[in-house]
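Treat the numbers as computed from the prediction; the structure is a model and nothing was measured.
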Amino acid sequence: MAINLLEQNLEAITQTLARLQKEGCNDEKILNELREERDKILKDLKL
């Protein structure tokens, strides 16, 4: 995957995660999946 695409996905996941948390989402499964995907992208980008 291109770095730009990874960065775009990272930004989208981070914003989605923040919005869900702000709105009080209690579905830990969804939140954890988003966190795991975010961590995977950060690892791929070596950040």
Side-chain angles (χ1 to χ4, degrees):
M1 231 186 270
I3 290 178
N4 288 338
L5 184 55
L6 286 174
E7 289 174 348
Q8 288 174 345
N9 288 344
L10 177 62
E11 182 178 1
I13 289 170
T14 302
Q15 289 177 354
T16 301
L17 186 57
R19 190 173 84 221
L20 288 173
Q21 289 174 331
K22 183 179 179 182
E23 292 174 355
C25 178
N26 294 324
D27 190 343
E28 285 299 317
K29 182 179 178 186
I30 291 174
L31 295 174
N32 285 334
E33 287 175 0
L34 287 170
R35 287 181 189 117
E36 288 173 7
E37 186 64 26
R38 181 186 63 191
D39 291 344
K40 179 183 171 194
I41 292 172
L42 287 170
K43 184 178 179 182
D44 288 345
L45 290 171
K46 297 179 181 164
L47 296 175

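Between Ile13 and Leu34, the shortest heavy-atom contact is CG2-O, 3.5 Å. Annotation for Ile41 and Leu6: closest pair CG2-O, 3.6 Å, computed over non-hydrogen atoms.
Annotation: the span from Thr16 atom OG1 to Arg38 atom CZ amounts to 11.5 Å, rounded to 0.5 Å. The structure places NZ of Lys22 at 12.0 Å from CD of Gln15, a figure rounded to the nearest 0.5 Å. Distance check, rounded to the nearest 0.5 Å: OG1 of Thr14 to CD of Glu37 gives 11.0 Å. For the atom pair Gln8 CD and Glu11 CD, the distance stands at 8.0 Å (nearest 0.5 Å).
In Asn26, the CG atom is not crowded: 12 or fewer heavy atoms of neighbouring residues, nucleotides or ligands sit closer than 6.0 Å.
Contact annotation: the side chain of Leu17 approaches that of Gln21 to within less than 4.5 Å [non-hydrogen atoms, C-beta and beyond].
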